[in-house]
Amino acid sequence: MPTTPRRILPIIVAAQFASTSLWFAVNAVMPDLQHALGLPPTAVGSLTSAVQLGFIAGTLVFALGSVADRHSPRLVFLLCAISGALFNAAPVLWPAGALDLPTLWLLRALTGFALAGIYPVGMKIAAGWYPQGLGRALGWLIGALVLGTATPHALRALGAHWPWQQVMLVVSGLAVLGGWMVWQWVPESTHLPRATRLQWRAFGRVLTDRRLRAPVFGYFGHMWELYTLWVLLPALLATRLQGAAISVGAFGVIAAGAVGCVAGGWLAQRHGSARVAAGQLALSGLCACSRRSRWQRPPRCSRRGCWCGASAWPATRRNSRR
């Protein structure tokens, strides 16, 4: 089997990081959006759910249509990165006074739909280049997703005086850059599986096969906890911090998960996926249960928040491999 060029994984990781920065772009500038557009406090939950629902719809469409099997995954990644960037930047270009919450919700849902051609397709591209040792590669890829999710908060912190429009445009530029990197520097792999007919009976295995059911439902429950933390994090930090420090704290807590992903891959190779996933799920759950009492101690809340963030994504990553 030909040796995979060393540059492939770093390029895919960097592209995944850049393009998935679209995910929480609005959350990083939510206070500015609420002030500029008069959005209600509940808008943060509504717009976050829009991205998630769009992503779910997108993954179903891409899977049922075997889009990344019938067409070049590199091309799919590029087109989705460009599309997601356009949907993300659309609020900036929208006519003054015409942008309202329903329109913004639709644009975020379309952004989520485009992300379905970035995150899963990026992992498919990696799987084609790393048929052996995929677990370690996935650790880096999902770590890049986490870091990309945290990036809008870092941009908000660096450009504390930037208007929200500038933050959104920079994020869109990053997404396009990520798509271009995959298209330009990652050639097609010869190890990608060919498209096959969809096996509807396989859906039943989620309920009947215990080995599959356990990680699927563990992943499902963990996502509720994880995204709740990510959405509420700026508001929680705002009770103790002010200004750019809120964005710095949010970036630190979320980005800690990237370290956890890489560490999870290393640990799983030595101790087994199931054991690492169970341990990390338990640790993350304990962090969630104790978060309220611990948050009342401001001097240590940031460090403990980073620990909770680091414990979260290794569990997700190990479950996704089962």
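On a predicted model such as this, the values are computed, not experimentally measured, just so you know. Throughout, residue positions are numbered sequentially from 1 according to the sequence presented.
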Flag side-chain contact, heavy atom, 4.5 Å: Met30 against Val26: yes

Nearest-0.5 Å distance that lies between atom CZ in Phe113 and atom CZ in Phe55: 11.5 Å

Atom of Phe62, atom of Cys80 and distance for their closest heavy-atom approach: CZ-SG, 3.7 Å

Check: Trp266 main-chain N/O paired with Arg270 side-chain donor or acceptor under 3.5 Å: yes

Side-chain heavy-atom pair Phe17, Val146 within 4.5 angstrom cut-off: no

Flag side-chain contact, heavy atom, 4.5 Å: Lys124 against Asp69: yes

Gly128 versus Ser189, closest heavy-atom pair with distance: O-OG, 2.5 Å

Donor-acceptor pair, side chain of Thr48 and main chain of Gly45, under 3.5 angstrom: no

Any donor-acceptor N/O pair, Glu188 side chain to Ser72 backbone, under 3.5 Å: no

ILVMFWY cluster, Leu169 and Val176 together (side-chain gap under 4.5 Å): no

Side-chain donor/acceptor of Arg70 to backbone N/O of Gly65, under 3.5 Å: yes

Joint cluster assignment, Leu39 & Phe24, ILVMFWY side-chain distance < 4.5 Å: yes

Sole residue of Leu110, Leu106, Leu22 in side chain to side chain contact (heavy atoms under 4.5 Å, CB included) with Phe87: Leu110

Leu147-Leu155 co-clustered via ILVMFWY side chain contacts under 4.5 Å: no

Worked verdict on Asn88 versus Thr111 for side chain to side chain donor-acceptor pair (under 3.5 Å): CA-CA 6 Å; Asn88 184 71; Thr111 303; 5.1 Å; no

Point-to-point distance, once rounded to the nearest 0.5 Å, from CG of Leu101 to CG of Leu47: 5.5 Å

Common cluster, Leu226/Val231, ILVMFWY with side-chain heavy-atom separation under 4.5 Å: yes

Between CD1 on residue Ile82 and OG on residue Ser172, distance to nearest 0.5 Å: 11.5 Å

Sidechain-backbone polar pair: Trp105 side chain, Ser46 backbone, donor-acceptor under 3.5 Å: yes

Backbone of Val167 reached by a side-chain donor or acceptor of Arg156 within 3.5 Å: no

Cluster check Leu86, Val171: I/L/V/M/F/W/Y, side chain < 4.5 angstrom: no

Value rounded to 0.5 Å, distance of SG in Cys261 from CG in Leu145: 8.0 Å

Distance (rounded to the nearest 0.5 Å) between His35 NE2 and Leu37 CG: 10.5 Å

Separation of Leu233 CG from Asn27 CG (nearest 0.5 Å): 10.5 Å

Donor-acceptor pair, side chain of Ser19 and main chain of Gln16, under 3.5 angstrom: no

Ring centers of Trp183, Phe77 separated by less than 6.0 Å: no

Whether Trp23 and Tyr119 hold their rings parallel, tilted or perpendicular, with breakpoints at 30° and 60°: perpendicular

Leu174 to Ala18 - nearest heavy-atom pair and separation: O-CB, 3.2 Å

Validation row: Arg275, Leu267 side chains within 4.5 angstrom (heavy atoms): no

Side chain Trp129, main chain Pro5, donor-acceptor under 3.5 Å: no

Side chain proximity check, His153 to Pro234, heavy atoms < 4.5 angstrom: yes

Stepwise side-chain contact (heavy atoms from CB on, under 4.5 Å) test for Met123 and Ile12: CA-CA 9 Å; Met123 292 203 294; Ile12 300 176; over 6 Å; no

Non-hydrogen atoms of Gln34 and Pro41 that approach each other most closely: NE2-CA, 3.6 Å

Check: Tyr227 side chain, His222 main-chain N or O, donor-acceptor pair, under 3.5 Å: no

Heavy-atom side-chain contact between Phe251 and Pro152 under 4.5 Å: no

Closest approach of Thr59 to Ala116 (non-hydrogen atoms, all atoms of both residues): N-CB, 3.4 Å

Side-chain (Ser284) to main-chain (Leu281) donor-acceptor, under 3.5 angstrom: no

Closest non-hydrogen atom pair, Thr20 against Gly148: OG1-CA, 3.8 Å

Any side-chain heavy-atom pair of Trp185 and Ile8 under 4.5 Å: no

side-chain contact (heavy atoms from CB on, under 4.5 Å) evaluation trace for Tyr130 with Leu138: CA-CA 10 Å; Tyr130 296 91; Leu138 287 183; over 6 Å; no

Trp94 and Leu107, any side-chain heavy atoms less than 4.5 Å apart: yes

